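Down below is the structure, laid out as structure tokens.
As the structure lists them, so they are numbered: ligands from 1, and atoms in each ligand from 1. Since the structure is predicted, the reported quantities are computational estimates derived from the model, not experimental observations.
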Amino acid sequence: MEQFAYKNGHLVCENVAASKIADKVGTPTYVYSRDALVSRLRDLKKAFAPVKPLICYSIKACSNQNIIKLMAREGSGFDVVSGGELYRALQAGAKPGKIVFAGVGKTDKEIRDAIKTGILMFNVESEAELARISAVACRMKKVADIAFRINPDVDPKTHRYMSTGKKETKFGIDLARAEQVVDSLSDHPGVALRGIHMHIGSQITDLKPHAKALRKIVRLVEKCKSMGHDIKYINMGGGFGITYKNEPSRTAKDFARQIVPIVRKTGCRLLMEPGRFIVGNSAILLTKVVYTKKAGDGRSFVICDAAMNDLIRPTLYEAYHHIWPVDSSNSKPEILADIVGPICETGDFFGKERQIPVVDKDDLLAIFSAGAYGMTMSSNYNSRPRPCEVLVSGSTFQVIRRRETYADLIAKEKGRLPTYKSYR
Ligand code: LLP
């Protein structure tokens, strides 16, 4: 996170003081660095250049329109998993020909809309879905390009909720059945096989699992080619891990060194769907201390104005996010404290037993590495308006999502809403 640094004890994002942002737009606020976002994307492009990568930024990691726009301007494609994400991508000016659509439960409407839009391809997760896409395409007198998402049964060595490439998960087509499914393509005239896809999990810093899974995928690609299918893409999904605490800090080159040689010999282009790698360390969540207190057992709490509804990762995955005061210019004694939010749940915490300098009411804290799956997994729980989002570029910063208001909270519950009568 070199775009976030302490200068004379004050946290800055690029050339903007974090405290300035809090002064102007309040807290809690997600603060993104434009330079970090763009550099991470460019690093991937460069490192994987020998396999002509099509990078499809995974919108689910952070789906702000302005960030999608920025990625699109940099030439990125997009990985979407719902009609809503497809809408977001198109509204932000994404090129339909660079959009891939994954997910185990695509509905008829989502399939129709995506075909109408002219997306690059669907990542097909089951035989039932294959039949459905083909039928919808036939009705529209179209042929939809697809990739099969294969479940290679490889352990990605990550949190169990983020592991998607093992046999027992709901994702993809079992590798052992893959050839049979490829054989059945002659029964489905509405689709053309153009790729093989995998996505084995997220936050993977071990270099071996991707390589292991890709070797299995490459064997299948060769088979498909020998069966006459024009396979243009190997889609390796996302999953590249970042440093939150003490995980090895992997660069795009580290991943490429393992992956490029495997893909290169197939002659296919590499498609990838990175989310966290691009945006994870490109943002912080800025929050203010509301109170400090001590529990009956003597432990200290720092109560912030951000909560689990704004960043759910710590409680959902017991994920670690580094937390530090925005102003650490005066050396203060350190204490051990739980950093928590105001929500009525014991699970509402950002960090437990953290060693931090003594803080007081109105002090600002930065929660680091918050760009991926932060804002996109936020909610209005406890009727808390969602935070504001800000994009820093050099010495300027721009609000890219205004803070929600109380009126926003009830907007969809007012006005003329339908009432239905039901007769048994
Ligand atoms: N492609 C597919 C098909 C995916 O399911 C995902 C993420 C990605 C790409 C992007 O993966 P990434 O490069 O970001 O690892 N909420 C969790 C992460 C769940 C990831 C879901 N799928 C978290 O907060 O860590």
Notebook entry, point to check: Can you list the steps and then say if D108 with R132 is a salt bridge (charged side-chain N to carboxylate O under 4.0 Å, His left out)?
Noted result: CA-CA 8 Å; D108 281 14; R132 185 80 71 87; 2.6 Å; yes
Check: Does a side-chain heavy-atom distance below 4.5 Å link V191 with V124?
Finding: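 Side chain of V191 against side chain of V124, heavy atoms only: no contact under 4.5 Å found.
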Next item on the list: State, yes or no, whether a side-chain contact exists between I262 and M236 at a heavy-atom distance under 4.5 Å.
Entry: no
So, is [X] polar-close to ligand 1, with some N/O to N/O distance under 3.5 Å?
{"X": "Y373", "result": "yes"}
{"X": "S58", "result": "no"}
{"X": "Y317", "result": "yes"}
{"X": "M162", "result": "no"}
{"X": "G201", "result": "no"}

Checklist line | Backbone N/O of N123 and side chain of K106: donor-acceptor pair under 3.5 Å | finding: yes
Next item on the list: For E110 and G83, indicate whether the former's side chain and the latter's backbone hold a donor-acceptor pair under 3.5 Å.
Entry: yes
Margin query: Side chain, backbone, both or neither: which applies to L316 and ligand 1 if a contact is any heavy-atom pair less than 4.0 Å apart?
Written below: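 None of L316 does.
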Note to self: Please classify the E273 to ligand 1 contact at 4.0 Å (heavy-atom distances, strictly less than): side chain, backbone, both or neither.
What the structure shows: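 It is both parts that get close, each with some atom under 4.0 Å.
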Notebook entry, point to check: Angle class for the F255/F277 ring planes (parallel below 30°, perpendicular above 60°, tilted otherwise)?
Noted result: perpendicular
Check: Any idea how H159 and Y161 line up, ring-wise: parallel (<30°), tilted (30 to 60°), or perpendicular (>60°)?
Finding: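 Answer is perpendicular, since the angle exceeds 60°.
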Could you tell me, atom by atom, which parts of ligand 1 come under 4.0 Å of a heavy atom of [X]?
{"X": "R276", "value": "12 (P), 13 (O), 14 (O), 18 (C), 23 (C), 25 (O)"}
{"X": "G275", "value": "12 (P), 13 (O), 14 (O)"}
{"X": "K60", "value": "1 (N), 2 (C), 4 (C), 5 (O), 6 (C), 7 (C), 8 (C), 9 (C), 21 (C), 22 (N)"}

Do any heavy atoms of [X] fall under 4.0 Å from ligand 1?
{"X": "P274", "value": "yes"}
{"X": "M377", "value": "yes"}
{"X": "A372", "value": "no"}

Note to self: If I compare all heavy atoms of L311 with all of F350, which pair ends up nearest, and what's the gap?
What the structure shows: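 L311 and F350 have their closest heavy atoms at O-CE2, 3.7 Å.
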Checklist line | Spacing of CG belonging to L286 relative to OG1 belonging to T29, to within rounding of 0.5 Å | finding: 6.0 Å
Next item on the list: Measure the CG-NZ distance between N64 and K69 for me, rounded to the nearest 0.5 Å.
Entry: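 Here the interatomic distance stands at 9.0 Å.
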Checklist line | Nearest-contact summary for atom 15 (O) of ligand 1 - protein heavy atom, Å | finding: S202 OG, 2.4 Å
Check: Any idea which protein heavy atom is nearest atom 24 (O) of ligand 1, and the distance to it?
Finding: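 I find the closest protein heavy atom is R313 NE, 2.7 Å.
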